[in-house]
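Just below is one structure, and these are the notes that go with it.
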There are 4 protein chains.
Amino acid sequence: MPKKTPLSSVETDIAKRRKAQVLDAAIECFRSRGFHQASMSQISAAAGMSSGHIYHYFKSKEDIVAGIVERGQEELSLPIAQAKKMPAGTDVASIFVAAVDEAVALHKDISFAALTMEILAEAGRNPKIADIVQRNSASLHEDLLDLFEDKSHKNRARLEICAALMEGISVRALRNPRLDADLDLDMLRDTMRHVLSST
Amino acid sequence: MPKKTPLSSVETDIAKRRKAQVLDAAIECFRSRGFHQASMSQISAAAGMSSGHIYHYFKSKEDIVAGIVERGQEELSLPIAQAKKMPAGTDVASIFVAAVDEAVALHKDISFAALTMEILAEAGRNPKIADIVQRNSASLHEDLLDLFEDKSHKNRARLEICAALMEGISVRALRNPRLDADLDLDMLRDTMRHVLSST
Amino acid sequence: MPKKTPLSSVETDIAKRRKAQVLDAAIECFRSRGFHQASMSQISAAAGMSSGHIYHYFKSKEDIVAGIVERGQEELSLPIAQAKKMPAGTDVASIFVAAVDEAVALHKDISFAALTMEILAEAGRNPKIADIVQRNSASLHEDLLDLFEDKSHKNRARLEICAALMEGISVRALRNPRLDADLDLDMLRDTMRHVLSST
Amino acid sequence: MPKKTPLSSVETDIAKRRKAQVLDAAIECFRSRGFHQASMSQISAAAGMSSGHIYHYFKSKEDIVAGIVERGQEELSLPIAQAKKMPAGTDVASIFVAAVDEAVALHKDISFAALTMEILAEAGRNPKIADIVQRNSASLHEDLLDLFEDKSHKNRARLEICAALMEGISVRALRNPRLDADLDLDMLRDTMRHVLSST
DNA sequence: TATGAATGAGTCTTCATTCAT
DNA sequence: TATGAATGAAGACTCATTCAT
C-alpha cells in the first residue's frame, strides 16, 4: 500500500481491473453456456467492452479460459481460512469438520459445480488447462497438509479421500436434484472425522 | 439376411446396429475433443458413414449427445453386478467394499473421467441432458437401494456419500496426476465400510 | 478420351471443373484487388459458389494463391509453341525473334503485368510461393534450352538476358503508360538477335 | 534546440525527421510483409512511435504507401550519378556500361526486388499509386535522356530497352535463385553497348 | 439406404482509425 | 506533441444441416 503509487503501477491497476472485468464477464458466460458455446461477442457484451478490445488484455479466448482456471477456485481453500479462526492446537479433524457446512454449501451450488465440471472436462483434453488445474490442486493440498502433523503418505491419502468426498458432492448435486433432502450432513461430518482420525 | 426374421424387424436391427455404430464413434470423438469440439464430420469418419447419413438415425448433433448420455454409464452399476456374484445374504457393506477395486479402476481412468465431466457440465446447462442424467442416476440408486434392508432415508444418505466418494475419485484423477500413488485403497475400503455399517 | 469414363473419374472431372471455376474467379479478383485485398467472399461471389464450399476444394486462401501461381503462366512458354511451328532446323535466334511480337503483346498487357508483379512480390516473402515460382521458371528454362545446340553456361546466360528483357517489358508497361509509343519493336528484335547469335 | 532557427522551421524540421522515421520503418515492414500485410502497429513499433501519433504525419496507411512510392527509388538514377564522375564528353554507352555493375547489384537484391514488385503490383490497381510511379519514372527518364545527344524517339526507345533489361534483372532475381551463377555480366554489358551504340 | 456437394450463419481474431488525456 | 485505450467492421475459416442423386 504505497502512499505515492508510481504511474506505471496505476496503469497496471487499470489493466488489472479491466482484465478482472473480462474474467467476471467470462465466468458469467461460461457458467451459462460453457467454454466453447460462449462466444467472444457475448463475453464482450457482458464485459461492456468491444470484442476487439478484449484482445488487448488476453491474446486469445483460450487465454481467458486459462485466466479463469488460474484465478479459479480460491474458494476451495476454505478449510485453511477456517483453520486460522480456530484456537491454535485444534486437531485437523476438528478443523475440517468445522469447515464441512460451508464447503458443502459451496460444492452443491449448481452454478459452482457446473463450472467446475467444465474446467475438469477441459483439463481432460487440453494440456495447458490440465497443467493449471493440477498445479492449483497441488499447491492447495500442500497448504492443507501444513495443518497436519506431518506430510506422511498416510496424511496425503486422508486428504485425497476428503477431497474426493467433497468434490464428489458437486457431482452429486448435478446428478441428484434432491441432494439436499438425501444428504445427511451429520453422517458426512462423521465420515470425515473417521477418515482423519482413524489410526 | 436371415430368412425367417420379418422385414421390419430386420430393418430395426440394422438401424439399431447403425445407431450403436454412430454412438460408439461419437463417444470416441467426444472423449478426445468434447461435445462441442467434435464435429459431425469427425464423427461420421469415425463411424465409417457419410455425415449426411447420420441424420437418418439422429435428428441433430444434440440428439447424439442425448443418445450417449442415455445409454451412458452402465458401468456405474458395478456393485449390482458384484452383488449377484456374492452368496445371498452377504451384507451391503461387503458387497460395496468388494466392488471398490473395480469401481476405482473405472473412475480414475482419465478418459472415463473426462467424458463424465463433459456430461455433467452439459447437464449443468442443458435441461434435456440434465433430465436424462438425473433419471439415470435415480434409477441406478433405486437399484442399489434394493441391496439394502430398506429404502430408509438413512440408507439413501449412505448411498449418496458412497456415490460422492466414488465419483469424487474421477475428479481427483483429473486434478492429481499422481493419484495412484497418493490414494490408499485400504483406507478407502475402510471408509466405505464405516459409512455403510455405522449405526 | 476413354469411351466409358469410370465413375470416379467423372467425379474428379467435376471437382476439377469446380477448382478451375474457383481459380478463374480468383484470378479475376486478384487482378483487380491483389491477393490480400481480395476477400474470400468476393472470390466466392465471382465463382458463383458459397464461400464455405470453396474450402471443399482448397484448404486455405493461400492454397488458392498457390493454385494460381502453379497453373500460372503457361502463356510464358510462348516461344516453345512458336518453335514447333517453325521448319525444323531454324536457328534459335530466329525462333525467339519470331516470337517477339506475341510475347511483347502479352507482357505489356497491364492486367497480365499486374498479376505477375503480385505473384513476384508474394514470392519475395512467401517461401511456398517462391518455391512454385522458381520451379515453374526453372522448368520453362530447361524447355527453352532444348531449343539451343547445348545447355552450356553461355546459352543459359543468353536465356537469362532474353528473359530479363521480356519480363522487363511488363515492368515498363506499368511504369510508362506511353510504352507503346516509346518502344521500338525492331530494335528489340535486333537486340535479341544480337544476344542470341553473338559469339 | 538551436537558438537562431525560427520556430516554425524547427517544427518543420522535426516533422520532416519524424516523417522520414516513419517512412524508414514502413519500408522495413513493407519489405518483409508487403503493403497490406504490414500493420500500422508493426510500423509504429519499428518507428519507435505510438500508432496514434503516426496519424499526425500521415492521414492514412495509404498515405504512407504513397509517401514511400514518392520518395521511392532514387537509387534508380544511378547512371546519372555515374555520369557526373565521368570525364565530360564520355559517350552515353560508356556511362551506362560503367553503371551496369552497381545497377545489377542493386536490382538483383531480393529485398529491393520484392519491394519494387510490391509497388508495381499496387500501381497496377491503385490509380493514385500508378500516378506517382509513372511520374517518377517519367522524370527519371527525362533526366537520363539529357545524357544523350538528343531526345529523339530512337533514344527514348534505347532507354526503354535498357530500362527493361535492368528492371528485368529484378524479376529474374525473384524467379531464379541461381541468377548469380547464370548471369553473365560481360554479356549484359555487351548487350547494353549494342543497344546504345547501334546506328 | 447412402452419399457428399452445397449452404450460410457464426466463430475467433485482426486492424486502421479515433480520441481522451 | 504524444500515447495507447477503445472501437467495430471486416477477414478467413468451420460446421451443423439439407438435398439432389
Side-chain angles (χ1 to χ4, degrees), chain A residues 7 11 14-15 17-18 36-45 47-65, chain B residues 10-11 14-15 18 35-45 47-65, chain C residues 7 10-11 14-15 17-18 36-45 47-65, chain D residues 10-11 14-15 18 36-45 47-65:
Chain A
L7 244 184
E11 284 169 25
I14 291 180
R17 218 176 308 145
R18 287 303 218 181
H36 304 289
Q37 261 33 35
S39 74
M40 286 303 288
S41 84
Q42 284 162 346
I43 295 173
S44 72
M49 188 184 304
S50 78
S51 70
H53 192 43
I54 289 185
Y55 285 83
H56 279 255
Y57 302 109
F58 297 90
K59 71 178 213 295
S60 70
K61 190 183 173 186
E62 196 195 2
D63 223 41
I64 298 179
V65 172
Chain B
V10 165
E11 283 170 23
I14 292 181
R18 287 301 218 180
F35 289 159
H36 305 288
Q37 262 37 33
S39 75
M40 286 301 287
S41 86
Q42 284 163 343
I43 295 173
S44 72
M49 187 184 306
S50 80
S51 70
H53 194 44
I54 289 185
Y55 284 82
H56 280 262
Y57 304 111
F58 298 89
K59 73 177 216 291
S60 69
K61 190 183 172 186
E62 197 196 357
D63 226 40
I64 299 179
V65 172
Chain C
L7 244 185
V10 166
E11 284 167 26
I14 290 180
R17 217 175 310 145
R18 287 301 220 180
H36 303 288
Q37 261 34 34
S39 75
M40 287 302 288
S41 84
Q42 284 163 346
I43 295 173
S44 73
M49 187 182 306
S50 79
S51 70
H53 193 44
I54 289 184
Y55 286 83
H56 279 254
Y57 302 110
F58 297 89
K59 73 176 211 296
S60 68
K61 189 182 172 188
E62 195 194 3
D63 223 40
I64 299 179
V65 172
Chain D
V10 164
E11 283 168 23
I14 291 180
R18 286 302 218 179
H36 305 289
Q37 261 39 31
S39 74
M40 286 301 286
S41 85
Q42 285 163 343
I43 295 172
S44 71
M49 187 183 306
S50 80
S51 71
H53 195 45
I54 289 183
Y55 285 83
H56 280 262
Y57 304 111
F58 297 90
K59 73 177 215 291
S60 70
K61 191 182 171 187
E62 198 196 356
D63 225 41
I64 299 178
V65 172

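Just so we're on the same page: letters track the sequence lines, and every chain starts at 1.
For A/Arg18 and F/dG4, the CZ to P distance is 16 Å, given to the nearest whole Å. Taking atom CE of A/Met49 as the reference point, atom C1' of F/dA5 lies 10 Å away to the nearest angstrom. In this structure, CD1 of C/Ile54 is placed 13 Å from P of F/dT14, rounded to the nearest angstrom.
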Letter per nucleotide, 5' to 3', of nucleotides 14-21 of chain E [B base touched, S only sugar-phosphate touched, - untouched; heavy atoms, 4.0 Å]: B-SBB---
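Note: D/Ser50 OG to D/Met40 CE = 10.0 Å, rounded to the nearest 0.5 Å. Rounding to the nearest 0.5 angstrom, the gap separating the CD1 atom in D/Ile54 from the OG atom in D/Ser44 is 5.0 Å. Rounding to the nearest 0.5 angstrom, the gap separating the CZ atom in D/Arg18 from the CZ atom in D/Phe58 is 12.0 Å. To the nearest 0.5 angstrom, B/Ile64 atom CD1 is 5.0 Å from B/Ile43 atom CD1.
Using the Watson-Crick or G-U wobble rule with both distances under 3.5 Å, E/dT21 pairs with F/dA2. With a cut-off of 3.5 Å on both Watson-Crick or G-U wobble distances, the partner of E/dG8 is given as F/dC15.
Judged by distance alone, with hydrogens and angles left aside, the side-chain atoms of B/Lys61 form a donor-acceptor pair with the main-chain N or O of B/Phe35 at under 3.5 Å.
Between A/His56 and A/His53, the ring-plane angle classifies as tilted under the 30° and 60° cut-offs.
Between C/Tyr57 and the phosphate of E/dA6, there is a side-chain N or O to OP1/OP2 separation shorter than 4.0 Å.
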